[in-house]
Amino acid sequence: MGISPVLWQFLVKWLNASALFPSEASTIAPYMDALYFFLLAITFVGVLLVAILLVVFSVRYRKAVHPVATQIEGSTLLEATWTIIPLGLFLICFVWGALLYFRIYNPPVNSMNIYIVGKQWMWKAEHPGGQHEINALHVPTGQPIQLTMISQDVFHSFSIPAFRIKREVIPGRYSTVWFQATTPGEYHLFCTQYCGTNHSAMIGTITVLTPEDYKKWTEQSTSGMSLAQNGERLFASMGCNACHSGNAAARGPSLAGVYGSKLLLTNGSQVLVNDAYLRDAILNPSQHVTSGYTPIMPTYQGQISEDGLIDLVEYLKNLSSNDRVQQTLTTSQSDQAAPSASGVVKP
Ligand code: HEC
Ligand SMILES: [Cu+2]
């Protein structure tokens, strides 16, 4: 870095205190800032160098001293120097940036997943346990958190400056971002993509709690049903289990353990079943038909909200055996007055 750690820490402290700079509250933040200050430092040195040379040369070679200009045909050494040094600096920026990029884009395997739905003009957060929040997000320290995000309408962008994270939230497609919070406290959440009249009001509060406090919070704010349980209800009430019961005679494939597996499609390609694929399989089934099956699955486009899709996806992610499908099949058949599931779009 070239800056001693003491001086470095002093600089960051001073910037925080001066409110010019958000505090560093995630594990990635110091790494992002180190690269940022490195870029700032070389830019500053470059500007200084050019400015000094400009002044020195205009004084030294002024007309009174040098009335006639000397023609210089070139200097290989000089040209090599001002090519190789910037090249080296840019390569350092590139490698450093790329390493950071991989770090930012690869969530640790033990991350906890939270879903975010953006819409004009608010943020909804859905915890796997069924806790729902609006314009707020509670997370524990010391645990990598992955956010799976989608927009219900236009482009938004999810940004927590104190965590140094920002990611586009797009209609029709899941995008993800991860972080690990380090310091309990409250931090700003912003939408950083202009999204209409009340864009500036699309803000919220991130509350970072200690693991114990987070546990208390999840117990206090539970809605009684986890996302997967909600999804199980939907699976029954929308008739999915008519074809996906897991029986040998069923018209659709068993969905137990499908998450994370590789499917062979009729067009010969192989796909990894992740959240995005599950969502798409429900909305556009005819686009990627699983090998060995006929494309009889109807599209559910327009019949289910993003929240409902999240419930279904979370249910399928956790579906390790067909017992639960069988169970919902029998309960939904015996119990005709099935509870109205919350994710269904009412016509
Ligand atoms: C009419 C029968 C039928 C219904 C109803 C149905 N599916 Fe399907 N589904 C299929 C068939 C057949 C396939 C395999 C062919 C394909 O990929 O389209 C399939 C494929 C899938 C896949 C892709 C994974 C795989 O192993 O192929 C998912 C996920 C899925 N269905 C979920 C659902 C959900 C959720 C519902 C309810 C909202 C539902 N299905 C309703 C018949 C059905
Ligand atoms: Cu927005």
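Starting from 1, each residue takes its place in the sequence as its number. Whatever order the structure lists them in is the order used to number ligands and atoms, beginning at 1.
Taking hydrophobic clusters as Ile, Leu, Val, Met, Phe, Trp and Tyr residues chained together by side-chain heavy-atom distances below 4.5 Å, V139 shares a cluster with V169. If you chain together hydrophobic residues whose side chains sit under 4.5 Å apart, L255 and M238 fall into the same group. Hydrophobic clustering places L209 together with L137 (ILVMFWY residues linked when any side-chain heavy atoms are closer than 4.5 Å, directly or through intermediates).
Residue Y300 places no N or O, backbone or side chain, under 3.5 Å from any N or O of ligand 1.
Checked against the Cu ion (ligand 2), the N, O or S atom of H156 at the shortest distance is ND1.
A donor-acceptor contact shorter than 3.5 Å is absent between the side chain of Q152 and the backbone of P171. The main-chain N or O of A162 is never found under 3.5 Å from a side-chain atom of S23 such that the two would form a donor-acceptor pair.
When hydrogens are left out, the protein atom nearest atom 17 (O) of ligand 1 is T290 N, 3.0 Å; that is the closest non-hydrogen contact.
A cation-pi arrangement is absent between R164 and Y31 under the rule of less than 6.0 angstrom and at most 45 degrees off the ring axis.
For Y214 and Q143, the side-chain atoms include no donor-acceptor pair closer than 3.5 Å.
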### Task
Decide yes or no on salt bridge (Lys or Arg N to Asp or Glu O under 4.0 Å) for K119 and E306, but give the supporting numbers first.
CA-CA 11 Å; K119 64 171 207 168; E306 288 302 341; over 6 Å; no
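Near H288, the atoms of ligand 1 lying under 4.0 angstrom from a non-hydrogen atom of the residue are 17 (O). Atoms of ligand 1 lying under 4.0 Å from at least one heavy atom of V258, given by number and element, are 26 (O). Under a 4.0 Å criterion applied to the non-hydrogen atoms of G239, ligand 1 contributes the atoms 5 (C). Heavy-atom proximity to Y293, at under 4.0 Å, picks out these atoms of ligand 1: 14 (C), 15 (C). Annotation for ligand 1: atoms under 4.0 Å from non-hydrogen atoms of L278 are 29 (C). Listed by atom number, the atoms of ligand 1 under 4.0 Å from I296 heavy atoms are 1 (C), 12 (C).
In L263, the part holding a heavy atom less than 4.0 Å from any atom of ligand 1 is the side chain.
Using a cut-off of 4.0 Å between Lys/Arg side-chain N and Asp/Glu carboxylate O, E219 and K215 are scored as salt-bridged.
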Could you give the side-chain donor-acceptor pairs of residues 174-186 under 3.5 Å, partners two or more places apart or in another chain?
| residue | atom | partner | partner atom | Å |
| --- | --- | --- | --- | --- |
| S175 | OG | E168 | O | 2.7 |
| W178 | NE1 | R103 | O | 3.1 |
| W178 | NE1 | I104 | O | 3.0 |
| W178 | NE1 | N106 | O | 3.3 |
| T182 | OG1 | A25 | O | 3.1 |

Ignoring hydrogens and angles, write down the donor-acceptor pairs under 3.5 Å from the side chains of residues 264-276, residues two or more places apart or on other chains.
| residue | atom | partner | partner atom | Å |
| --- | --- | --- | --- | --- |
| T266 | OG1 | V289 | O | 3.2 |
| N267 | OD1 | S269 | N | 3.0 |
| N267 | OD1 | S269 | OG | 2.7 |
| N274 | OD1 | A276 | N | 3.3 |
| N274 | OD1 | Y277 | N | 2.9 |
| D275 | OD1 | Y259 | OH | 2.7 |
| D275 | OD2 | K317 | NZ | 2.9 |

Using a 3.5 Å cut-off and no angle test, enumerate the donor-acceptor pairs between side-chain atoms of residues 70-92 and protein atoms at least two apart in sequence or in another chain.
| residue | atom | partner | partner atom | Å |
| --- | --- | --- | --- | --- |
| S75 | OG | L78 | N | 3.1 |
| T81 | OG1 | L77 | O | 2.6 |
| T83 | OG1 | E79 | O | 2.6 |

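Among the atoms of M202, an N, O or S atom falls under 2.8 Å of the Cu ion (ligand 2). Backbone or side-chain N, O or S atoms of H199 do not reach the Cu ion (ligand 2) at under 2.8 Å.
Around atom 8 (Fe) of ligand 1, protein N, O or S atoms at a distance under 2.8 Å total 2; waters are neither shown nor counted.
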